[in-house]
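Computed from heavy atoms alone, side chains included, the values below leave out hydrogens, waters and symmetry copies. Keep in mind that this is a model prediction, so the values were computed, not measured. Residue indices begin at 1 and follow the sequence shown. Remember, it's 1-based here, ligands and their atoms both numbered in the order they're listed.
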Amino acid sequence: MPELTPSQQAALKRSTTLQHQILQDPGTFRVLTGDRPTGPLHIGHYLGTLANRVRLQNLGVEVLVLIADYQVMTDRQAGRQLPATVRGVVADYLAAGIDPGRSAIFTHSAVPSLNELMLPFLSLVSDAELHRNPTVKAEIEASGKPPTGLMLTYPVHQAADILFCQANLVPVGLDQLPHLETTRLIARRFNERYAVESPLFPEPDALLTASSMLAGLDGKKMSKTSGNGIALQATEDHTAALIRRAPTDSERRITYDATGRPAVANLLDLLAATTSDNPRHLADEIGNAGAGQLKHLLTEAVNELLRPLRQRRADIVEATDYIDTVLDAGNARARDLADNTLTKVHDLLGMTYANRRTDSLFSPTRGADSSRPAGARSS
Ligand code: TRP
């Protein structure tokens, strides 16, 4: 694991406290999490965040899962295959145990009021603050292109993702902490400026998990685009092939040495996370049996862990329309929450003249009501 900065350490400490509170009082938390739909979810997602989302859901925490399809526009390799990718991600969620009866799965593009929150939020951050965000800086560097306005402002969009439903808990990896700071800042400033009497937005907490820092098979950050993770939907043979190809080193005896032998340590970390064991203990057990045995054990462990999930996934994909039905329901739930929040924001901003009409004077489908003067409302 990398050295943590003081603010990362503080967030980790706070997460431990929160874990206790969640167990005691799950009903007081609302979780918002999300992924950019850049490709199939992999074992790093499962061990790092997905399993935790399912655990929270099963504890009775309300969970909303966002498929960040507007955010994916900032990606180096934005999905031309967006519909298939998004449906695939929904299948991954469901296979992992997200229960659409309890948790909502939704997309940015289906929730206009969420996106609209970005406008007032943009007024609450300065240009300099946007340029200071280290994760955005890293993204911009990695893209090798001049940053677009969307790239620069995407922590503000992410604030809308989190605050539209007044979420107070956001399970994230370390790289997302700066974004969460922006969300907290925006919540605080909005409340100070417009909602002093009764604050509208909570300042959400990050919930960090140790395994959200797992590296990919090649030791680099595990990511959908660099293909160094094991996709949840991969076959057992493909899984074996991917692990066979993972780099190790020429030393026969397996030891755990994160700095001296990063490639081997990385596979041990993955095996440890998959089997809930300790990487040093595993290294001792494997010892002179070498990298071949390490890879054999890892392949077995991953395939065994993912077998039931892969079976469920196959059934889900088989059921025509099921995925779209799940998304429709999640989108409707998210729209409800977002519309409600935006109405409150409009109220607080004094924008309460004519923008709450739900029917249109000009709508040909509303014949009976179209004689009402524009701006008249029934509520
Ligand atoms: N930025 C996140 C990522 O790159 C994805 C994301 C978008 C997200 N909106 C979010 C995560 C809101 C948590 C909360 O993985």
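- Side-chain heavy atoms closer than 4.5 Å link hydrophobic residues (I, L, V, M, F, W, Y) into clusters, and following such links, even through other members, never connects Leu119 to Val125.
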Could you list the donor-acceptor pairs under 3.5 angstrom formed by side chains in residues 171-178, with sequence neighbours left out?
residue	atom	partner	partner atom	Å
Asp175	OD2	Lys221	NZ	3.4
Gln176	OE1	Gln158	NE2	3.1

Query raised in the report: Hey, mind stepping through Phe201 and Phe164 against ring-ring contact (aromatic ring centres under 6.0 Å, His included) and telling me if it holds?
Result: CA-CA 9 Å; Phe201 295 117; Phe164 90 92; over 10 Å; no

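- One hydrophobic cluster holds both Leu94 and Leu309 under the rule that ILVMFWY side chains link at heavy-atom gaps under 4.5 Å.
- Using cut-offs of 30° and 60° for the angle between ring planes, the Phe190 and Phe121 rings count as perpendicular.
- Within 4.0 Å of ligand 1, protein heavy atoms come from Leu32, Gly34, Arg36, Leu66, Ala68, Gln71, Gln158, Asp161, Ile162, Val170, Gln176.
- Classification of Glu300 and Lys295 as a salt-bridged pair fails, no side-chain N sitting under 4.0 Å from a carboxylate O.
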